[in-house]
Amino acid sequence: MKKKIIPIVIAVVLIIVIAGISVGKVLLEKYSYSKERVDLDEYFHMSGEADVAIVLQDELIEERAKLFDGVYYLDIGTVHKYFNDRFYEDKGEGLLLYTVPDDIIRTVIGSNEVTDKNGTGSFSCVPARYQGETLYIAIDYVKQYANFSYEGFGAPDRLQIYTQWEERQVAEVKKDTAVRILGGVKSEILKEVEAGEKVIVLEQMETWSKVKTGDAIIGYVENKRLNESKAELPIPVTDYTEPEYTSVTRNYKINLGWHVVAGVAGNDTLDAVTANTKNLNVISPTWFKVSSSQGDFTSFASQDYVNKAHNMGMEVWALVENIEYKDSIDMYALLSSTTTRARLIDGLMNQVLTYGIDGINVDFEQISMDCGEHYIEFIRELSIPCRENGIVLSVDNYVPTGYTDHYDRKEQGVVADYVIIMGYDEHYAGSPQAGSVASINFVEEGIAKTVDQVPANKVINAVPFYTRIWETKDGQLSSQAVGMDMAEDYVSLHNMPVEWNEETCQNYAENTEAGSLLQVWLEDERSIEVKLNIMEKYQIGGVASWRLGFEKPEIWDVIEAYLNR
């Protein structure tokens with residue numbers, strides 16, 4: 001009997017042992033730590049010999065750096081996005097420019113020479129160089145114009161960059177462990193850390209924490225391997241001090257009127273267009289008209305005009321525009337060349353200083369999106385001699401919309417003295433439907449969006465002294481722009497009943513005559529007063545008017561009341 005039982009017991013024991021071994025293997029497989037390692041080249045998305053990954057703050061960003069001759073470089077797009085957008089590339093002339101309030105600092109791309117108003121010196125490395133069509137700027141050159149810290153690591157090449165230094169949580173590793181790509185013992189290893197190493201705790205979960213190591217590897221560590229975290233406040237980098245862009249904004253409200261001067265003889269109309277004005281303290285004659293892509297312009301400037309305006313208590317802010325000869329001008333060619341920008345600026349300043357002109361008013365319209373960076377560089381560069389000579393620089397702008405963002409009102413608000421909103425042409429010649437030239441919502445939206453980007457005391461809103469007479473006949477829409485008196489005469493002549501329209505805050509007239517629908521949204525003293533009330537609400541720097549000679553005399557009473565508030 002015993003002989004029969006013993007084999008059975010042995011078999012059962014063997015089964016139990018085998019089962020135990022199997023269960024043990026399963027448990028070991030489930031709970032043991034993986035020793036598989038991550039390919040760090042894949043983790044950092046490395047591509048190419050000179051490629052350098054960037055960890056900005058606590059994130060691996062998609063932008064890349066380059067390592068050329070032991071020097072780290074950033075492409076100009078990355079520099080603009082994260083550090084400083086004033087670096088300017090002139091592809092045609094092979095220059096990298098950086099504009100400060102009183103100087104243009106330049107380097108020939110590929111050379112280590114840097115030139116400023118004090119002469120030419122050598123930088124420690126090549127500040128800017130091309131790889132293919134992409135411009136790369138040495139990170140140490142960028143660091144001269146922005147506050148940030150960086151540290152480089154190898155295998156694979158990567159940069160840790162900080163531009164902000166907020167309080168963070170840190171912890172010491174209390175036992176040798178591994179940083180894994182995900183939370184879990186089966187996750188692959190990014191790197192091993194030793195007891196005593198400090199990591200930044202980015203996120204703490206129930207059993208694992210997301211951390212960043214001292215060499216910029218981001219992964220996960222078990223909480224039991226970390227000492228209790230504590231707050232740490234990094235020391236910020238303050239090597240760079242933003243230069244002060246001084247302005248010559250006035251301590252009173254500007255009341256500017258544009259005076260259309262189409263030729264030298266137009267200067268003789270100064271008395272006529274200002275006869276009914278009150279408290280007009282700036283006049284802007286349309287004197288300078290860009291005439292070529294090489295920076296040429298025509299000038300109708302007059303010393304007698306300047307003297308007379310000064311004697312009348314007005315400053316002269318001469319306007320420069322690009323519309324008169326628009327068919328023969330390539331604004332991209334003009335503004336994208338450092339040489340032609342300088343030629344235009346030098347010519348304008350020569351006129352300003354020769355005639356004792358008080359300011360320049362830039363009215364460059366229909367600037368294409370791809371020309372935006374060149375346009376704002378022109379404004380920066382023009383601001384330098386204006387600032388040096390105490391000349392007021394004002395810049396005319398459309399009411400802000402998404403497709404005019406490239407005019408960069410924010411930067412204008414830094415480098416220029418006044419940013420003028422052309423608060424009209426809501427509906428214009430060629431509009432698909434009839435409507436107001438400047439309804440109150442359109443005007444307020446333009447002011448509100450501008451003061452979000454520009455200091456309010458630098459903002460001037462321009463009001464229209466004109467209106468449009470609209471006619472719809474046989475489905476065809478046409479219009480003509482006329483002055484205030486002519487518009488009212490038209491309404492009277494065509495027996496058009498007039499009613500105040502609360503939506504636009506304008507008097508509205510409409511009639512049907514001989515199969516034509518006639519519509520007029522009138523600009524008059526009442527509509528202008530409502531606009532001035534909005535301007536007062538936002539405490540902006542003043543009012544401008546397009547154009548002198550189109551207004552009713554009564555307009556000046558409501559403008560005078562606004563100025564005296």
Side-chain angles (χ1 to χ4, degrees), residues 48 50-52 62-69 71-100 103-117 120-123 125-146 290 292-296 322 326 328-347 362 364 366-384 404-408 411-412 415:
D51 190 37
V52 180
E62 63 180 355
E63 290 83 4
R64 316 295 287 182
K66 294 292 182 185
L67 186 60
F68 299 132
D69 302 325
V71 177
Y72 292 108
Y73 286 81
L74 302 168
D75 70 80
I76 192 168
T78 300
V79 173
H80 284 169
K81 183 176 180 178
Y82 295 109
F83 304 103
N84 190 320
D85 62 4
R86 290 199 179 117
F87 286 97
Y88 174 79
E89 174 189 8
D90 183 335
K91 278 185 178 290
E93 299 184 31
L95 298 172
L96 176 68
L97 308 182
Y98 189 84
T99 304
V100 293
D103 198 6
I104 303 171
I105 301 159
R106 67 182 67 201
T107 180
V108 176
I109 297 170
S111 159
N112 70 342
E113 292 186 347
V114 178
T115 302
D116 60 19
K117 64 182 180 181
T120 300
S122 294
F123 196 66
C125 63
V126 174
R129 59 191 295 172
Y130 281 112
Q131 185 184 54
E133 293 294 313
T134 303
L135 178 65
Y136 285 88
I137 307 175
I139 197 167
D140 287 327
Y141 193 70
V142 177
K143 208 170 184 309
Q144 293 189 133
Y145 305 104
V290 178
S292 81
S293 306
Q294 289 72 49
D296 300 302
N322 66 329
K326 63 180 180 180
S328 59
I329 303 170
D330 182 342
M331 288 302 292
Y332 187 94
L334 169 60
L335 296 178
S336 65
S337 163
T338 299
T339 298
T340 55
R341 285 196 310 275
R343 185 179 183 200
L344 177 56
I345 290 169
D346 289 346
V362 178
F364 284 178
Q366 300 176 16
I367 297 296
S368 62
M369 194 170 295
D370 63 344
C371 191
E373 62 180 311
H374 309 299
Y375 169 77
I376 198 62
E377 179 64 14
F378 168 76
I379 299 298
R380 288 191 195 107
E381 292 174 2
L382 177 57
S383 80
I384 296 172
T404 62
D405 285 346
H406 58 283
Y407 276 76
D408 201 347
E411 184 74 344
Q412 288 183 36
V415 302

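What you see is a predicted model; the values in this text were computed from it and never measured.
- A donor-acceptor pair is defined here as one N or O able to donate and one able to accept, closer than 3.5 Å; no such pair exists between the side chain of H406 and the backbone of Y375.
- D69 places no side-chain N or O within donor-acceptor distance of the main-chain N or O of V71, the cut-off being under 3.5 Å.
- Shown here for S111 and P127, the closest heavy-atom pair between the two residues is O-CD, 3.1 Å.
- The side-chain heavy atoms of F364 and V290, taken from C-beta on, include a pair separated by under 4.5 Å.
- For L382 against I345, the heavy-atom pair with the smallest separation is N-CD1, 3.6 Å.
- Of the inter-residue distances, the one linking L334 atom CG with C371 atom SG reads 8.0 Å to the nearest 0.5 angstrom.
- Residues S328 and S293 share a closest heavy-atom pair of O-OG, 4.0 Å.
- Closest approach of T78 and F83 over heavy atoms only: O-CD1, 3.8 Å.
- Side-chain contact annotation: T134 with D75, donor-acceptor N/O pair under 3.5 Å absent.
- In this model, no donor atom of one side chain and acceptor atom of the other lie less than 3.5 Å apart for E381 and T99.
- Counting non-hydrogen atoms of neighbouring residues, nucleotides and ligands closer than 6.0 angstrom, the NZ atom of K91 exceeds 12 such neighbours.
- Judged by distance alone, the side chain of Q131 and the main-chain N or O of Y136 form no donor-acceptor pair under 3.5 Å.
- Put simply, CD on E89 and NE2 on H374 are 8.5 Å apart, with the number rounded to the nearest 0.5 Å.
- The pair K117-D103 does not meet the salt-bridge criterion, since no charged nitrogen lies less than 4.0 angstrom from a carboxylate oxygen.
- With Y73 as the aromatic partner, R129 meets the cation-pi criteria of under 6.0 angstrom to the ring centre and within 45 degrees of the ring axis.
- For the residue pair V362 and F378, the shortest heavy atom distance occurs at CG1-CE2, 4.4 Å.
- Across all their heavy atoms, Y141 and T107 have their closest contact at OH-CG2, 4.5 Å.
- Judged by distance alone, with hydrogens and angles left aside, the side-chain atoms of R343 form a donor-acceptor pair with the main-chain N or O of Q294 at under 3.5 Å.
- Here the CG-CD distance, from D85 to E411, works out to 6.0 Å after rounding to the nearest 0.5 Å.
- A heavy-atom distance below 4.5 Å is not found between the side chains of V108 and E93.
- For H80 and F87, the gap between ring centers reaches or exceeds 6.0 Å.
- With rounding to the nearest 0.5 angstrom, the CG atom of L344 is 9.0 Å from the OG atom of S292.
- Judged purely by distance below 3.5 Å, without hydrogens or angles, the side chains of T338 and R341 pair a donor atom with an acceptor atom.
- The CG atom of L335 lies 7.0 Å from the OG1 atom of T340; values are rounded to the nearest 0.5 Å.
- Annotation: side chain of Y82 is not in contact with side chain of L74 (no heavy-atom distance under 4.5 Å).
- Taking 4.5 Å as the limit, every side-chain heavy atom of N84 sits out of range of all side-chain heavy atoms of V142.
- Atom CD1 in I376 sits 9.5 Å away from atom CZ in R86 (nearest 0.5 Å).
- Between N322 and I367 there is a side-chain heavy-atom pair separated by less than 4.5 Å.
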